Amino acid sequence: MSQTRTGSRTEVSMDTLLMIATNLCGQWITYGALATSGRALSFLAATIAVASTRRYAVRRLFNRLVSTERQTRQQSAMEVSVDTVIAMAISMGLQVVWYGAAATLARAGTLTLGVYALTLLRRYALRRLFEHLTDRQARRLADIPVT
């Protein structure tokens, strides 16, 4: 059984809320008193806006570069890698714009790497949780004992 639309919306909503919390907490931990509410929230908004634009641009670029009808695994890996490197560079650049001289390579790099590491863990954990819930729902519908 595949995940329902409601399940998908719930998973994405939870991921978004956790992403917001991770970003804001990361800023407060990394920049302390410099991460005022206004600065932290505007940085978050810029990060989200730029991420959407960046993802779309990279996706379109790789659509043009793929010579076959279907993207190979290697091409998918290349696209994800390029997108991640660009995202990390943009994140560090945005920190310089928002936090100025306080955004040293060490600070900006730490926040960027921390947020990306937590993103991988968060998304994996949510995906596994919702796979479990979907499987459980399918078993209930089929009257199979749930373990």
Side-chain angles (χ1 to χ4, degrees), residues 1-31 35 39-100 102-147:
M1 176 179 188
S2 64
Q3 188 176 48
T4 65
R5 287 183 181 178
T6 301
S8 294
R9 279 192 293 269
T10 303
E11 180 178 345
V12 170
S13 296
M14 287 178 68
D15 184 48
T16 300
L17 291 173
L18 290 170
M19 179 268 304
I20 289 167
T22 300
N23 186 294
L24 293 174
C25 289
Q27 287 183 74
W28 290 324
I29 290 167
T30 304
Y31 292 106
R39 183 178 278 156
L41 290 171
S42 63
F43 178 81
L44 172 65
T47 300
I48 292 170
V50 169
S52 299
T53 305
R54 182 203 76 245
R55 284 184 185 146
Y56 181 77
V58 170
R59 179 83 282 273
R60 296 305 303 151
L61 171 67
F62 274 82
N63 274 346
R64 278 190 240 114
L65 296 177
V66 172
S67 59
T68 60
E69 285 186 31
R70 192 159 184 241
Q71 191 178 61
T72 67
R73 287 183 178 139
Q74 291 169 327
Q75 290 167 331
S76 294
M78 177 64 79
E79 179 179 337
V80 169
S81 298
V82 167
D83 185 55
T84 300
V85 168
I86 292 170
M88 293 174 85
I90 288 172
S91 174
M92 292 175 70
L94 286 173
Q95 288 176 70
V96 170
V97 171
W98 258 255
Y99 290 100
T104 62
L105 184 59
R107 267 188 170 164
T110 298
L111 177 59
T112 299
L113 289 175
V115 166
Y116 275 87
L118 289 173
T119 296
L120 290 172
L121 294 172
R122 178 189 79 234
R123 294 180 96 182
Y124 179 79
L126 280 173
R127 183 81 293 275
R128 297 314 311 150
L129 170 65
F130 277 85
E131 277 297 314
H132 173 74
L133 294 173
T134 299
D135 184 50
R136 197 171 183 169
Q137 181 182 16
R139 288 176 186 232
R140 275 196 196 125
L141 292 173
D143 288 331
I144 300 172
V146 177
T147 56

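For the single chain, residues carry numbers from 1 onward in sequence order. Because the structure is predicted, anything quoted here is derived from the model rather than measured.
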Going by heavy atoms in the side chains, are [X] and [Y] under 4.5 Å from each other?
{"X": "Ile48", "Y": "Thr16", "value": "no"}
{"X": "Val82", "Y": "Phe62", "value": "yes"}
{"X": "Arg39", "Y": "Tyr31", "value": "no"}
{"X": "Glu11", "Y": "Asp15", "value": "no"}

Can a donor-acceptor pair be found, under 3.5 Å and without considering hydrogens, that links the side chain of [X] to the backbone of [Y]?
{"X": "Arg107", "Y": "Ala102", "answer": "yes"}
{"X": "Gln95", "Y": "Ala108", "answer": "yes"}
{"X": "Ser81", "Y": "Ala77", "answer": "yes"}

Rounded to the nearest 0.5 Å, how far apart are [atom1] of [X] and [atom2] of [Y]?
{"X": "Phe43", "Y": "Leu24", "atom1": "CZ", "atom2": "CG", "result": "10.0 Å"}
{"X": "Thr10", "Y": "Phe130", "atom1": "OG1", "atom2": "CZ", "result": "5.5 Å"}
{"X": "Glu79", "Y": "Thr84", "atom1": "CD", "atom2": "OG1", "result": "10.0 Å"}
{"X": "Met14", "Y": "Arg122", "atom1": "CE", "atom2": "CZ", "result": "11.0 Å"}
{"X": "Cys25", "Y": "Ile20", "atom1": "SG", "atom2": "CD1", "result": "11.5 Å"}
{"X": "Met88", "Y": "Met92", "atom1": "CE", "atom2": "CE", "result": "8.0 Å"}

ask   = Mind checking what makes side-chain contact (heavy atoms from CB on, under 4.5 Å) contact with Arg73, not counting sequence neighbours?
value =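 Residues passing side-chain contact (heavy atoms from CB on, under 4.5 Å) with Arg73: none at all.
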
inquiry  = Could you walk me through whether Arg123 and Thr119 satisfy the side-chain contact (heavy atoms from CB on, under 4.5 Å) test, starting with their C-alpha distance in whole Å, then the side-chain angles of each, then the deciding distance to 0.1 Å, before giving a yes or no?
reply    = CA-CA 6 Å; Arg123 294 180 96 182; Thr119 296; 3.6 Å; yes

request  = Search all heavy atoms of Ala40 against all heavy atoms of Trp28 and return the closest pair with its distance.
outcome  =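 Minimum heavy-atom contact is CB-NE1, 3.8 Å.
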
request  = Report the residues that fulfil salt bridge (Lys or Arg N to Asp or Glu O under 4.0 Å) with Asp83, sequence neighbours left out, ordered by chain and then residue number.
outcome  =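 So Asp83 forms a salt bridge (Lys or Arg N to Asp or Glu O under 4.0 Å) with Arg54.
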
inquiry  = I'd like to know whether Thr22 forms a side-chain contact (heavy atoms from CB on, under 4.5 Å) with Met19, so could you lay out the CA-CA distance, the side-chain angles of the two residues, the decisive distance to 0.1 Å, and finally the verdict.
reply    = CA-CA 5 Å; Thr22 300; Met19 179 268 304; 5.7 Å; no

key: Working for side-chain contact (heavy atoms from CB on, under 4.5 Å), residues Tyr99 and Thr30   = CA-CA 11 Å; Tyr99 290 100; Thr30 304; over 6 Å; no

inquiry  = I need the full list of side chain to side chain donor-acceptor pair (under 3.5 Å) pairs touching residues 41-52, with sequence neighbours left out, sorted by first then second residue.
reply    =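 Passing the test, one end in residues 41-52: Ser42-Trp98.
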
ask   = Looking at Leu118, Leu111, Thr112, which one forms a side chain to side chain contact (heavy atoms under 4.5 Å, CB included) with Val115?
value =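 Output: one option passes, namely Leu111.
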
